[in-house]
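Structure record follows, encoded as C-alpha cells.
For ligands, and for the atoms within them, numbers begin at 1 and follow the listed sequence.
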Amino acid sequence: MRYLTAGESHGPQLTTIVEGVPAHLTLEKQDIDQELARRQKGHGRGRRMQIEKDQVKITSGVRHGGTTGAPITLIVENDDWKHWTEIMGIEPFEGEASDVKRTITRPRPGHADLNGALKYNHRDMRNVLERSSARETTVRVAAGAVAKKILSQFGIKVASHVVEIGGVKARDVNYETIEDVQQRTEDSPVRCLDSDAEKKMMNAIDQAKEDGDSIGGVVEVLVEGVPVGLGSYVHYDKKLDAKIAGAVMGINAFKGVEIGIGFEAARKPGSEIHDEITWDQENGYKRKTNNLGGFEGGMTNGMPIVVKGVMKPIPTLYKPLQSVDIDTKEAFEASIERSDSCAVPAAAVVCEAVVAWEVASALLDKFGSDFIGDIKENIERYEERVKNF
Ligand code: FMN
C-alpha cells in the first residue's frame with residue numbers, strides 16, 4: 001500500500017489518495033470520522049480544534065460500503081478556509097505583494113519556517129508554515145483508519161497511551177486487554193492510564209499555557225494479534241521495526257523512537273533483555289517476556305508490538321523566543337500562529353495511525369493484497385503451518 005497527502009493548513013482541504021487497499025473491505029465514513037475525532041481531543045489543545053470538526057469525504061475507491069480495490073480518495077475540508085480565501089487564494093494576487101495579509105517574516109525557532117524559506121526561496125514564510133503544519137496529520141490519521149480497518153479483519157488491534165507529559169511520568173499500570181487500554185484512554189483527557197499522573201499532566205499543561213510556554217511528552221503504541229514473520233531480516237529496507245521507526249519519526253515534532261525497552265537495553269546485560277522462547281502444543285512458539293517489543297531480526301515474533309515516540313514541546317510560543325526579521329534583519333520576537341500548548345494526547349492518535357499503516361502494509365506484502373477473502377485464507381493456512389512447525 002502507499003499513500004500521498006496534499007493540502008495546506010488554511011487551504012480549502014486536505015487530501016490523501018490511498019492505493020493498494022484490498023477489495024471487499026467494509027469501509028464507511030464513520031470508520032474514518034471516529035479516528036479524526038480522536039485526533040482532535042485532548043487537554044491542552046487550542047481554539048482551532050473547536051473551530052474544525054473534521055469529517056471525511058470519500059470520493060473514490062468505495063462503492064456501497066465496500067472497497068473496490070481502486071485508489072481511495074479521502075478529503076477533509078478545512079472549515080476555517082472561508083476566512084483565508086484571499087490570503088491562501090489559488091488565483092494570482094491582485095495588488096502588490098506587500099498588500100498580502102498575514103505574511104510571515106519572523107521565523108519561529110523549532111519550526112520549518114527559516115530552513116524552508118531559505119531552501120525554497122520564500123520571502124513570505126506562510127508558504128512553509130502552511131504545509132509544515134501538523135494539520136496535515138489529519139489525513140495521515142484518515143489513511144491510518146483504513147489500515148486499522150484492514151487489521152481488524154484479522155483480529156489485529158491497535159491502541160496507544162500517553163506515558164509522559166512535561167516531565168510527569170505515568171506509573172506502569174496493568175491492563176487486562178487492549179480493549180481495556182482503548183476504553184480507559186478514551187475516557188482520559190490526556191489519554192493516560194494512570195489517573196494520578198493524569199491530573200498532574202493536566203496541571204502541567206495548564207501551567208505551560210499560563211506561562212505562554214509549551215510541553216512535550218512520550219506516547220506508546222501497542223499492536224496485538226500480529227502474525228509472526230511480518231517484515232524481513234534479508235535486507236535493511238525490509239525490516240519492519242525500521243519502517244515503523246521512520247514512520248514515527250516522520251510525525252511532526254517527534255524526536256525519538258523506542259521499540260520495546262528501547263534505550264534501556266544499553267543499561268542491562270543480555271540475560272535480562274532477550275525474551276526466552278517456549279513451546280506448547282496449543283499455542284506453538286511463544287516468548288516468556290516482551291522486552292524487545294515484538295521484534296527480532298526486523299520481523300514480528302508474534303508478541304505485541306510496543307513502540308514509544310517522544311514529542312518535543314510545540315515550537316509556537318505565546319511568549320515567543322528571539323528571532324530575526326528576514327526583511328529588516330533586526331532582532332524580533334518570533335511570529336505567533338494560533339497554537340496548542342501541548343498536543344501529546346493528539347499525537348498518540350497520529351502515532352497509532354502511522355504504526356497501523358506500516359503493520360497493515362507489511363501484512364498485505366506477505367499475504368497478498370487483492371481480495372480480503374484470499375488474504376484471510378492465506379493467513380489461516382500460514383498460522384496453521386507455523387503452529388505445527
Ligand atoms: N506546532 C505548533 O507550533 N503549534 C501547534 O499547534 C502544533 N500542533 C501539533 C499537533 C500535533 C498533533 C503534532 C504531531 C504536532 C504539532 N505541532 C505544532 C508541531 C509542529 O508541527 C512541528 O514541530 C513542526 O512541524 C516542525 O517539525 P519538527 O518538529 O519535526 O522539526
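The Ile251 neighbourhood of ligand 1 comprises atoms 14 (C), with distances under 4.0 Å to a heavy atom of that residue. Remark: ligand 1 atoms within the under-4.0 Å shell around heavy atoms of Ala134 are 9 (C), 10 (C), 11 (C), 13 (C), 15 (C), 16 (C), 21 (O). Shown in contact with Ala343 at under 4.0 Å from a heavy atom are these atoms of ligand 1, numbered in order with element: 9 (C), 10 (C), 11 (C). Short contacts between ligand 1 and Ser132, defined as distances under 4.0 Å to a heavy atom of the residue, involve ligand atoms 21 (O), 25 (O). Residue-ligand proximity, Thr316 to ligand 1, at heavy-atom distances under 4.0 Å covers atoms 2 (C), 3 (O), 4 (N). Near Lys312, the atoms of ligand 1 lying under 4.0 angstrom from a non-hydrogen atom of the residue are 23 (O), 28 (P), 29 (O), 31 (O).
The pair Glu384-Lys387 does not count as a salt bridge, with every side-chain nitrogen at least 4.0 angstrom from each carboxylate oxygen.
Residues Ile104 and Asp124 have side chains in contact (heavy-atom distance under 4.5 Å, counting atoms from C-beta outward).
In this structure, the protein non-hydrogen atom closest to atom 26 (C) of ligand 1 is Gly110 O, 3.6 Å. Protein heavy atom nearest atom 7 (C) of ligand 1, with residue, atom name and distance: Ile314 CD1, 3.6 Å. Among protein heavy atoms, atom 14 (C) of ligand 1 sits closest to Asn252 O, 3.4 Å. Nearest protein heavy-atom neighbour of atom 28 (P) of ligand 1: Ala253 N, 3.6 Å.
Remark: the Thr5 side chain and the Glu136 side chain contain an N/O donor-acceptor pair separated by less than 3.5 Å. Remark: the Asn203 side chain and the Gln207 side chain contain no N/O donor-acceptor pair separated by less than 3.5 Å. For the residue pair Arg39 / Thr137, a side-chain donor-acceptor distance below 3.5 Å is found, with atom types taken as modelled.
Distances shorter than 4.0 angstrom do not occur between any heavy atom of Ser214 and any atom of ligand 1. Ligand 1 lies less than 4.0 angstrom from a heavy atom belonging to Lys255.
For Arg338, no nitrogen or oxygen atom sits less than 3.5 Å from a nitrogen or oxygen atom of ligand 1, counting backbone and side chain alike. Considering backbone and side-chain atoms alike, Arg108 places every N or O at 3.5 Å or more from each N or O of ligand 1.
For the side chain to side chain contact (heavy atoms under 4.5 Å, CB included) criterion with Thr138, the lone passing option out of Leu36, Val350, Leu74, Asn78 is Leu36.
Distances from atom 5 (C) of ligand 1 to the heavy atoms of Ser339, Cys342, Pro345 show the closest one on Ser339. For atom 6 (O) of ligand 1, the nearest non-hydrogen atom from the set Asp340, Ile336, Val141 comes from Asp340.
Neither the backbone nor the side chain of Glu337 comes within contact range of ligand 1; no heavy atom lies under 4.0 Å.
Under the 4.5 Å side-chain heavy-atom criterion for Ile, Leu, Val, Met, Phe, Trp and Tyr, Val310 and Ile259 are members of distinct hydrophobic clusters.
Because its NZ or CZ atom is both nearer than 6.0 Å to the ring centre of Tyr382 and within 45° of the ring axis, Lys366 counts as a cation-pi partner of that residue.
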Residue pair Asp327, Arg123: steps toward the salt bridge (Lys or Arg N to Asp or Glu O under 4.0 Å) verdict: CA-CA 8 Å; Asp327 287 343; Arg123 302 245 31 120; 3.6 Å; yes
Applying salt bridge (Lys or Arg N to Asp or Glu O under 4.0 Å), run through Glu186 and Lys41 and close with a yes or a no. CA-CA 9 Å; Glu186 230 47 59; Lys41 289 199 325 194; 3.5 Å; yes
